[in-house]
Amino acid sequence: MASEQSTGGRIENIRHSLAHLLAAAVLKKYPKAKLGIGPVIENGFYYDFDLPEPLTPEDLKDFEREMRKMIGAKLLFSGEEVTAAVATKRMKGQKYKLELIKDFSKEDQKLTIYKTGDVFEDLCRGGHVADTSEINAEGFKLDSIAGAYWKGSEKNPQLQRIYGLAFANKNELEAFLKMREEAQKRDHRKLGKELQLFELVDEVGPGLPLFYPKGAILRRIVENYITELQESRGYQPIWIPHITKGELYKISGHLDKYDAMYPPMKLKDEADYYIKPMNCPHFMMLYKAQQHSYKELPVRWTCTTTNYRHEKSGELSGLTRVRSLTQDDCHVFARPDQIEPEINVMLDMIEEVYKKFGFNNFWVRISTRDPKNKDKYIGDEKVWQESEEALTRLIQKRGWKHEIGVGEAAFYGPKLDFIFKDVIGRDWQLSTIQLDMNLPKRFDLEYTDTDGSKKAPVVIHRAILGSTERFLGILIEHYGGAFPAWLAPVQVKIIPISEKHMAYAEKIKKELVGCRVEIASENETLGKKIRSAEKEKVPFLAIVGDKEMESGEVSLREHGGKDHGSVSVEKLKSLIK
RNA sequence: GCCGAUGUAGCUCAGUGGUAGAGCACUCCCUUGGUAAGGGAAAGGUCGUCGGUCCAAUUCCGACCAUCGGCUCCA
């Protein structure tokens, strides 16, 4: 079958039909090709093939040419419902299609075969144009080749996937390509180097970024902001070490579950130690080491600390997927009746943070139990039910865009994930709030209730930034490297017009105490120095020459060219804050 | 980890079976300039690493490492 159902607008039909034309073109060149699936996706389509040799970009040109020929030939799309026996016969030799026929028959799904003129037929649910004259031959482009596992499973053979872009016409296609090109200019990996924020060095290791002063300042500003916000909401900092006995992870159950843990290291003759890949167990042990009364709950602890995970090499990318990740981790130990108010406080903080950074485009996934499969989950039935309702209610009350992920909860509790959509339309998971009814049990956590009995608290895990590294990556792309003044590693660049004005520049710098200021001291023309500072994306340029020395002010230029005229140092300070 | 592509100076990139080149940046000299590139000179590379073929390898072949586009995964 060549598709997910695509009954929607015309563009889906065009994209889906193009997928069929691509398959036809590939079959023409490789008659023995085995076809996988070819669905419509955002901005286009793809089709998976099992081929005798790797494809090259030149092949894509050939396929495009062939597809355009077919478009010009005004081929008709027609479908018919068939029995499994007929489908099996018609798809003879197509082993993946035959597998699908079996799968669908088991599920009692109807089978349909669609023909494209007389050049191609495919097991497919339909959703096509009537004939190829509806397709604009200049509105599509074969985009890239990639490997993809059959049915998305690592255990299955890997097929070659051809991605195509498709739009109603050439203008729309070009607009998309242009937008993508612009987005690539904002790539945090490129900007991270250009703006001297961070570096990935072979000798240090993949996924282990090093931060230059400017990047480190940016990190610190963001982390301090979160730390202060948390402490203003009653969270208390704790601190934990970076290596720990394996025993701790036996208690938590992580030891045999995660192969991304680095192998243990032997400290002399002592037990095996691990570099910590997560913080929860440490929080649990610290809680457990003291006794707790219902009166002191909720206990709200937080720690911004780095974890080390052996993420698979092919998954690493810039700052967004790393092996050293710093979490703004927080665990709240609460009574069941405190779950809702505690989560509400977390939502307040998330709202405040997103507003501060201008992240308007986000949505929330509320992951709940699979009601058909309740045995899968541990924890108190009543707590599950009430907290799932509370999560949904709280999100709805704020009017935030959300989806219920039925059956997507962890076995130990429901969760909220906050997903931010960036300028290129990619989704990034930022904040997460998870209820945990498992770890308190495994660690035998308790508090003394009003009646003197010992009860297990509920733990709420929470991170707002997610990881500092990934957050910075997203932040760099979000602002295209042109940070607002409160975040900018350098807030003001003072540009003396000539060497005569250096002393005055130094004087202004002193007056801007508390601000992050640099002086452009290089022996260059004014135009050159402005150009350099603009490329560094410094928010404010303070130009000083004879006129300014006389007035005691600076000529202020904002990043991008906006002219503020002559302003006093005090005025400049107020603009920075 | 898997499929594919890529790896030449700090950066962006040319180029070649006979041990390499541009622009920008860096250093020095001249210039002291009013809102996005003033002029000149010098310096800078084991052509990702290791092996193989060859009289000769940066170039051809292999392995490895890293990066990129995807897939898979993400406590």
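Below, read A as the first sequence line, B as the second, and so on, with proteins coming before strands; counting in each chain starts at 1.
- Nearest to the side-chain atoms of A:Asn523 among the listed nucleotides B:C30, B:A66, B:A36 stands B:C30.
- One can find a donor-acceptor pair under 3.5 Å joining the base of B:G1 and the side-chain atoms of A:Tyr149.
- Both A:Gly561 and A:Arg161 sit near RNA chain B, but only A:Gly561 has its closest nucleotide nearer the 5' end.
- When distances run from any side-chain atom of A:Ile497 to the nucleotides B:U35, B:G34, B:A75, the shortest one goes to B:G34.
- Distance from the side chain of A:Gln158 is smallest to B:C71 among B:U32, B:C71, B:U35.
- Closest to the side chain of A:Arg321, from the set B:C2, B:C73, B:G34, is B:C73.
- Protein atom CZ of A:Arg365 is 12 Å distant from nucleotide atom C1' of B:C74, rounded to whole Å.
- Taking 3.5 Å as the limit, the base of B:C3 and the side chain of A:Gln160 contain no donor-acceptor pair of atoms between them.
- At the heavy-atom level, A:Ala260 lies under 4.0 Å from base atoms of the strands shown.
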(request) For salt bridge (charged side-chain N to carboxylate O under 4.0 Å, His left out), just list the numbers for A:Arg557 and A:Asp563, CA-CA rounded to whole Å, side-chain angles, deciding distance to a tenth of an Å, and then say yes or no. (result) CA-CA 5 Å; A:Arg557 176 191 160 116; A:Asp563 187 5; over 6 Å; no
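- Comparing B:U58 with B:G39, their C1' atoms sit 35 Å apart, to the nearest whole Å.
- The partner of B:G33 is absent, by the rule that a Watson-Crick or G-U pair needs both atom distances under 3.5 Å.
- Remark: A:Lys562 is not in phosphate contact with B:A36, judged by side-chain N or O atoms under 4.0 Å from OP1 or OP2.
- Nucleic acid contact for A:Pro277: base, since at least one base atom lies under 4.0 Å from a heavy atom of the residue.
- In this structure, the nucleotide among B:A25, B:U72, B:G70 sitting nearest to the side chain of A:Lys528 is B:A25.
- Nucleotides of RNA chain B nearest to A:Ser532 and A:Lys312 differ in position, and the one nearer the 5' end is that of A:Lys312.
- Phosphate proximity of B:C68 to A:Arg189: present, with a side-chain N or O under 4.0 Å from OP1 or OP2.
- Comparing the C1' positions of B:C47 and B:U31 gives a spacing of 38 Å, expressed to the nearest Å.
- Put simply, A:Thr525 has a side-chain N or O that comes within less than 4.0 Å of OP1 or OP2 on B:G38.
- Using a 4.0 Å heavy-atom distance criterion, A:Gln434 is classed as making no nucleic acid contact.
- Residue-level contact check: A:Gly466 touches neither bases nor backbone, having no heavy atom under 4.0 Å from any strand.
- In this structure, A:Ala146 reaches the bases: a heavy-atom distance under 4.0 Å links it to at least one base atom across the strands shown.
- Scanning atom types as modelled, no donor and acceptor separated by under 3.5 angstrom connect the side chain of A:Ser144 and the base of B:G4.
- Among B:G33, B:A36, B:U67, the nucleotide with an atom closest to any side-chain atom of A:Pro206 is B:U67.
- Among the protein residues, A:Glu194 comes within range of no part of the nucleic acid, since none of its heavy atoms lies under 4.0 Å from any strand.
- In this structure, a donor-acceptor pair under 3.5 Å is absent between the side chains of A:Thr304 and A:Glu223.
- Counting non-hydrogen atoms under 4.0 angstrom, A:Leu316 reaches the backbone sugars and phosphates but no base.
- With a 6.0 Å radius and a threshold of 12 heavy atoms from other residues, nucleotides or ligands, A:Glu247 has its CD atom at or below the threshold.
- Side-chain contact, A:His461 with A:Asp329: no donor N or O sits under 3.5 Å from an acceptor N or O.
- B:G33 and B:U19 have their C1' atoms separated by 45 Å, given to the nearest Å.
- Between A:Asp187 atom CG and B:U12 atom P there is a gap of 12 Å when expressed in whole angstrom units.
- Note on A:Lys547: a base of the nucleic acid sits closer than 4.0 angstrom, heavy atoms only.
- In this model, no side-chain donor or acceptor of A:Glu199 finds a partner on the base of B:G10 within 3.5 Å.
- To the nearest 0.5 Å, atoms CD (A:Gln184) and CD (A:Glu477) are separated by 10.5 Å.
- Distances shown here put every side-chain N or O of A:Tyr46 at or beyond 4.0 Å from the OP1 or OP2 atom of B:G69.
- Counting non-hydrogen atoms under 4.0 angstrom, A:Ser252 reaches nothing in the nucleic acid.
- Between the side chains of A:Arg462 and A:Thr302, no donor N or O sits under 3.5 Å from an acceptor N or O.
- For A:Glu524, whose side chain is taken as the heavy atoms from C-beta onward, the closest listed nucleotide among B:G38, B:U35, B:C71 is B:G38.
- For the atom pair A:Met285 CE and A:His282 NE2, the distance stands at 9.5 Å (nearest 0.5 Å).
- A stacking contact between A:Tyr163 and B:G70 is absent: the pair does not combine a ring-centre distance of less than 5.5 Å to the base's six-membered ring with planes differing by less than 30°.
- Distances from the side chain of A:Glu315 to the nucleotides B:C73, B:C71, B:G33 place B:C73 closest.
- Looking at heavy-atom distances under 4.0 Å, A:Asp563 makes no contact with the nucleic acid at all.
- Nucleic acid contact class of A:Gly527 (heavy atoms, under 4.0 Å, all strands): sugar-phosphate only.
- Between A:Ser313 and B:G1 there is a side-chain polar atom (N or O) within less than 4.0 angstrom of OP1 or OP2.
- With salt bridges taken as basic N to acidic carboxylate O contacts below 4.0 Å, one links A:Lys493 and A:Glu518.
- Looking at the side chain of A:Glu499, the nearest of the listed nucleotides B:C71, B:C2, B:U32 is B:U32.
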